[in-house]
2 protein chains.
Amino acid sequence: MNRRSIIRLSKYKNTLQRLKAMGFVKVFSDNLADALGIRSTQVRKDFSQFKITGNKRGGYIIDELLEKILRILGKTSIQRVVLVGIGNIGRALLHYKGFENEGIEIDSAFDINPDKQTGRDDISVYPMEQLVGYIQKEKIEVAVIAVPDIAAQRVFDLLLQAGIKGVLNFAPIRLRGPEQIPVTNVNLVLEIENLFCFVNAKKEE
Amino acid sequence: MNRRSIIRLSKYKNTLQRLKAMGFVKVFSDNLADALGIRSTQVRKDFSQFKITGNKRGGYIIDELLEKILRILGKTSIQRVVLVGIGNIGRALLHYKGFENEGIEIDSAFDINPDKQTGRDDISVYPMEQLVGYIQKEKIEVAVIAVPDIAAQRVFDLLLQAGIKGVLNFAPIRLRGPEQIPVTNVNLVLEIENLFCFVNAKKEE
DNA sequence: TTTATATTGTGAATAATATCACATAATAAA
DNA sequence: TTTATTATGTGATATTATTCACAATATAAA
């Protein structure tokens, strides 16, 4: 199972949810390919990998397809995460509407200063000392690291100690830890630099 | 020139800047490989692609290497971007310290409601009507789209009309436009879903 | 000096990913 | 019914990215 097809699976899901909301019943690999800007063979190859089958000449029934994809993505129950660090990014995440709609819930937040406000009365802020215990007690599997880079590795070590299973990291450093714990990095500076580099390269062509 | 090596170039830059700050003078491809969690051949292949050469048995002089990389990344002058949309994410970006340190400047912000405050007196907010004119007058090349998904394509069209050269898009939709304008998507829901999927896959192994 | 050693730079091999080509089957038309 | 058409599903192929293998060479040691 490769990473890229999982990412696409999540995109198929979005497209399918929109189509469903619009009242569509069937969809062809060609439609999904258009929506994602890829080839239809890629769509079918992806489905093939995940043992998703459609109907020869009939395409796919959106409801069935969506259900299968949601199961593969583990979207059968609420996906709870903890947020570590209530700075600019942490606060933005706390107010971001996109998560709730997709069944992702920020269960609670942690900060060295637990007096920081989340601005949401349904999400409590706990001091860092309670991070490990909370994760273990509540069986949280995924954490978001939104602390300054200097603190990120320390937080990651705590999370590992607590038995976390996956991490989304906003700090611009590579977190070191066991191979089998997936860490996804979001680095905004890097993305913008990357963009400028492409823009400059285009100019010289 | 492939996208992945440019991303790595940006990471090499960070590592080199840290090493320089620590007083180091030389670096080996092996050191950089360790820092990024890749192989040293990859590092050398990347450099080779960008015509960066070192010294047989002597590694690379950090100052020289850094200078070359900064030039390739177009970091010889301030990289100005405009921000479109002052919601949660937009506001987080406005307050994010990471940009300034890396020579990236949010030049100005745009929103349908120009009364929105940036919280920074050095960054003005303009109404959406002025977006196209401003970009043209100020020769802005890169824009950040941080508006709701429903408005994203419309904003992108305006940016294209203004002659934008690259876009960082936070809206969870695929923006349609000419092939040659690079669009980088940051989709937080997708990243978290992806993570959960990996976590679940690991459990079944 | 000569020899040993460490590191770069790169063509070739391998691995990962995407696309093509086409057999297969379901539906619609004749 | 039979034939034509339209999608799927997948083995084969092409493309892209990474790693290997090793020649070239600079430095240090003998």
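Lettering follows sequence order; numbering is per chain, from 1.
Atom CD1 in A:Ile61 sits about 14 Å away from atom P in C:dA26, given to the nearest Å. When the C1' atom of C:dT17 is taken as reference, atom CD1 of A:Ile6 falls 14 Å away, rounded to whole Å. Distance, B:Phe47 CZ to C:dT8 P: 9 Å, rounded to whole Å. Rounded to an integer number of Å, the gap from B:Ile52 CD1 to C:dG9 P is 10 Å. Between B:Asn2 atom CG and C:dA16 atom C1' the separation is 14 Å, expressed in whole Å. The interatomic distance linking B:Leu65 (CG) with C:dT8 (P) rounds to 11 Å, in whole Å. Distance CZ (B:Phe50) to P (C:dG9): 15 Å, rounded to an integer number of Å. For the pair B:Phe28 CZ and C:dT8 P, the interatomic distance rounds to 7 Å; values are reported in whole Å.
Note on ring orientation: taking the six-membered ring where Trp is involved, the planes of A:Phe110 and A:Tyr126 are tilted (angle from 30° to 60°).
Contact between the side-chain N/O atoms of B:Arg8 and the OP1/OP2 oxygens of D:dT18 is found at a separation under 4.0 Å. For A:Arg3 and C:dA16, the shortest distance from a side-chain N or O to OP1 or OP2 is not below 4.0 Å. Contact check, B:Thr41 against D:dT19: no side-chain N or O comes under 4.0 Å of OP1 or OP2. Contact annotation: A:Tyr60 side-chain N/O to C:dA26 OP1/OP2 distance is not under 4.0 Å. Side-chain N/O atoms of B:Asn55 include none lying less than 4.0 angstrom from OP1 or OP2 on D:dA26.
Residue B:Asp30 is out of contact with every strand shown, counting any heavy-atom pair closer than 4.0 Å. Within the nucleic acid shown, B:Thr53 comes within 4.0 Å of sugar-phosphate atoms alone, with no base atom in reach, counting heavy atoms only. Within the 4.0 angstrom heavy-atom criterion, no nucleotide atom of any strand lies near A:Gly58. Counting any heavy atom pair closer than 4.0 Å across all strands shown, A:Ser29 reaches sugar-phosphate atoms only and no base atom. Residue A:Arg44 is in base contact, counting any heavy-atom pair closer than 4.0 Å across all strands shown. Heavy atoms of B:Ser48 sit under 4.0 angstrom from primed sugar atoms or phosphate atoms, though from no base atom.
Between the side chain of A:Lys45 and the base of C:dT19, a donor-acceptor pair under 3.5 Å is found. A donor N or O paired with an acceptor N or O is found under 3.5 Å between the base of D:dT5 and the side-chain atoms of A:Arg57.
Side chain of A:Asn194 to backbone of A:Leu190: no donor-acceptor contact under 3.5 angstrom is found. Checking side-chain atoms of B:Lys165 against main-chain N and O of A:Phe198 turns up no donor-acceptor pair under 3.5 Å.
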Exercise. Going through the distances and angles, do B:Lys11 and B:Asp46 end up as a salt bridge (Lys or Arg N to Asp or Glu O under 4.0 Å)?
Worked result: CA-CA 12 Å; B:Lys11 292 182 182 174; B:Asp46 285 340; over 6 Å; no

For this session: Let me see the working for B:Val155 and B:Met128 under side chain to side chain contact (heavy atoms under 4.5 Å, CB included), right down to the final yes or no.
Result: CA-CA 9 Å; B:Val155 168; B:Met128 213 58 101; 4.2 Å; yes

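When all heavy atoms of B:Ile72 and A:Cys197 are compared, the closest pair comes out as O-SG, 3.5 Å.
When the nearest nucleotides of DNA chain D are assigned to B:Arg39 and A:Lys56 by heavy-atom distance, the more 5′-ward of the two goes with A:Lys56.
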